[in-house]
Amino acid sequence: MLVWQQRAVRLAGGAARVPTGRGGGRSKGQVRHPFLLSLAGSRCTGAGTQWHLRHFGSSRCSGERGGNYGKSSRTGPLGPFANIPGVSSVIRSAGARHSPASNPPHRHLAGTRAATTTAPSGRDGSARVAQSDRPDRLTHAIIFDIDGVLIRGKLVLEQARAAMSKLLCPRRGQPMVPVLFVTNGGGHFEAKKARQLTEWLGMDVRPEQVVLAHSPMRALHHLKHRHILVCGQGPVKEIALSYGMENVTTLEEVSALFPLLDAFDFAHRTKHAPLDADAQEAERRAQEAFAPIDACFVMSDPLRWESHLQLLVDVLTSDGIPGTRVARQAVQCYFSNDDFVWMAEHSQPRFGAGAFRLCLETLFKEFTGGQELEYTRFGKPYSMTYELSDRLLAAQARDLGYDGVSITYAIGDNPRSDVRGANSRENMRSVLVRTGVFDGKRFANDPVDPADHVLDDVLEAVEMISRLHPCPTAPPLPPLPPAR
């Protein structure tokens, strides 16, 4: 019995007709999915949480929750995704402010589906009615994680280029199937990561083929006119501005305006002694002129944890102006990446932004006498990243002459993010490689988030997918654009 079949029986409590299909396909056997039962055990209050429960499974929510943060109908800048049909709608359909539980979301096992008579919309937004005299022409798609799959720090894994070469059309030099690079990394623009991937992999990667951890944060249009505090390495202020936020401040700018807040930096502390009357007067004037902060964005891995943790706790326990205190959290908090560990050049995993989030959550709870930090997480394994990925893959499929995507293979190295996220999607299969966080030395498969397939590296993964889906007779490609 396959891993996903065992998972189906376990989720259904044994009362299931287990499908027996192999090779990545799914038969029509139906499983009684106890998904609704998980909602009964959830501790969630406030408007908008049902959207998350539908997509994430059971959730842990504490305190009063705000309503949906995707209510605004304003059209913000969508960057490289602006011209892709359907993407703007999914980017705007964000969920409720909450903190999902660490329990793995259930895979939505389905039986047969109702047939549709309308194919995906065309480039001009008009609906294309499927021809009754032919079935839809579908293709498979592949999602690649980056760190631990294609690279380790600055080292490009030798299997990466070979794997990409097997996907390229000899005539065009482009992949023959839809391909997307989805990472929990960030701190730079999608266009820069696309240029890096082009150099690393020896193939042309476009910005719309890249989804970074903070890419779905373009959906936060209701915060467009609010005062946003950003944290993390890289040009995070410029990225937030490009996502449509109009009033953005960095933690470094807050530290400069309120010099007495940061007592960890000895040089900074000596320069602005606490008994310095001029410094205290300058901070008082800064408080009077400072616009209250409405939300904090942790957009990439912070660098100076001790100072950033102190300043973020100061802001999150204030009314938006550092140095004040309120009884309940008034400032919203968003994390673009929740990876506890990730894989760089070292043989052992390194702490990631998820570890920073755990530190902040623990300090906030201790400092407030037991209050839980309220926050929202993006990136893998959360649903918004995969909904955006589905739209981008469907757009690529149409560009290649197909009607849509039948199945997506998600190749990753981290069971908690890559595998857990793929297992929560009905039309997705998880492929775990042994070149990153998971190395296969202790277990043949991850015991908590087992993958559908476990292989040595990305080259083996691509070769397996090619065997399961031999290169189809692709539709005629559109003509090349005229040379300028």
Side-chain angles (χ1 to χ4, degrees), residues 77-82 84 87 141-168 172-175 177-218 230 232-243 298-303 336-337 339 341-346 349-350 352-353 378-380 385 388-389 392-393 395-396 410-414 417-418 433 435-437 457-459 461-462:
L78 302 179
F81 314 127
I84 300 177
V87 171
I142 305 177
I143 287 177
F144 292 94
D145 183 28
I146 297 177
D147 294 293
V149 175
L150 304 176
I151 65 171
R152 291 270 295 269
K154 295 182 179 179
L155 174 67
V156 180
L157 299 180
E158 60 180 353
Q159 302 90 352
R161 279 189 173 237
M164 295 301 113
S165 66
K166 290 184 175 294
L167 298 175
L168 298 181
R172 289 294 183 87
Q174 287 288 334
V177 298
V179 168
L180 206 61
F181 300 91
V182 182
T183 176
N184 272 355
H188 38 245
F189 291 93
E190 290 85 358
K192 179 180 178 180
K193 180 58 70 175
R195 292 193 297 269
Q196 289 178 333
L197 289 166
T198 297
E199 179 182 350
W200 294 337
L201 304 177
M203 61 177 282
D204 182 34
V205 178
R206 304 184 303 276
E208 59 267 26
Q209 291 178 298
V210 175
V211 176
L212 302 175
H214 46 66
S215 294
M217 296 178 81
R218 299 170 185 271
V230 293
Q233 298 180 62
V236 290
K237 181 174 183 176
E238 290 74 15
I239 294 171
L241 290 170
S242 75
Y243 287 179
V298 182
M299 301 189 71
S300 67
D301 299 326
L303 185 59
S336 73
N337 170 9
D339 277 350
V341 293
W342 66 291
M343 207 68 192
E345 292 93 343
H346 197 272
R350 303 291 88 192
F378 294 89
K380 296 177 289 186
T385 293
L388 174 58
S389 299
L392 294 170
L393 290 171
Q396 287 188 48
I411 304 174
D413 71 301
N414 192 330
S417 57
D418 301 311
V433 295
T435 52
V437 172
D457 53 57
V458 66
L459 178 58
V462 169

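What you are looking at is a predicted structure, and each value in this text was computed from that prediction instead of being measured.
Interatomic distance, S215 OG to L388 CG, rounded to the nearest 0.5 Å: 6.5 Å. Taken to the nearest 0.5 Å, the OH atom of Y243 stands 12.5 Å off from the CD atom of E238. Annotation: the span from K192 atom NZ to L212 atom CG amounts to 11.0 Å, rounded to 0.5 Å.
Under the salt bridge (charged side-chain N to carboxylate O under 4.0 Å, His left out) criterion, K193 pairs with no residue at all, not counting sequence neighbours.
Looking at N337, its side chain does come within 3.5 Å of a backbone N or O of N184 through a donor-acceptor pair.
Minimum heavy-atom separation, V236 to S300: CG1-OG, 3.9 Å. Nearest approach of L459 to D457, heavy atoms of both residues: N-OD1, 3.0 Å. Contact detail for R161 and W200: the closest heavy-atom pair is NE-O, 2.9 Å. The two atoms that bring V341 and P349 nearest to each other are CB-CB, 3.8 Å, heavy atoms only. Taking both residues in full, the closest heavy atoms of S389 and V211 are given as OG-CG2, 4.3 Å, listed atom of the first, atom of the second, then distance. Of all the heavy atoms in G352 and D301, the pair that sits closest is C-OD1, 3.9 Å.
The side-chain heavy atoms of F189 and P207, taken from C-beta on, include no pair separated by under 4.5 Å. Proximity of Q396 to V177: side-chain heavy atoms (C-beta onward) are nowhere separated by under 4.5 Å. Within the 4.5 Å cutoff, side-chain heavy atoms of M203 are placed close to those of L168. Residues Q233 and P302 are not in side-chain contact: their nearest non-hydrogen atoms beyond the backbone lie 4.5 Å or more apart. Put simply, the side chain of V298 does not reach to within 4.5 Å of the side chain of S336, judged on heavy atoms. The shortest side-chain heavy-atom distance between I239 and H214 falls under the 4.5 Å cut-off.
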Is there a salt bridge (charged side-chain N to carboxylate O under 4.0 Å, His left out) between R206 and E190 once you walk through the steps? CA-CA 9 Å; R206 304 184 303 276; E190 290 85 358; over 6 Å; no
Are F181 and L201 close enough, and set up right, to give a side-chain contact (heavy atoms from CB on, under 4.5 Å), and what steps lead you there? CA-CA 12 Å; F181 300 91; L201 304 177; 3.7 Å; yes
Return a table of donor-acceptor pairs under 3.5 angstrom between the side chains of residues 142-154 and protein atoms on other chains or two or more places apart.
| unit_1 | atom_1 | unit_2 | atom_2 | d |
| --- | --- | --- | --- | --- |
| D145 | OD1 | K380 | NZ | 3.1 |
| R152 | NE | A344 | O | 2.7 |
| R152 | NH1 | T435 | O | 3.0 |
| R152 | NH2 | H346 | O | 3.1 |

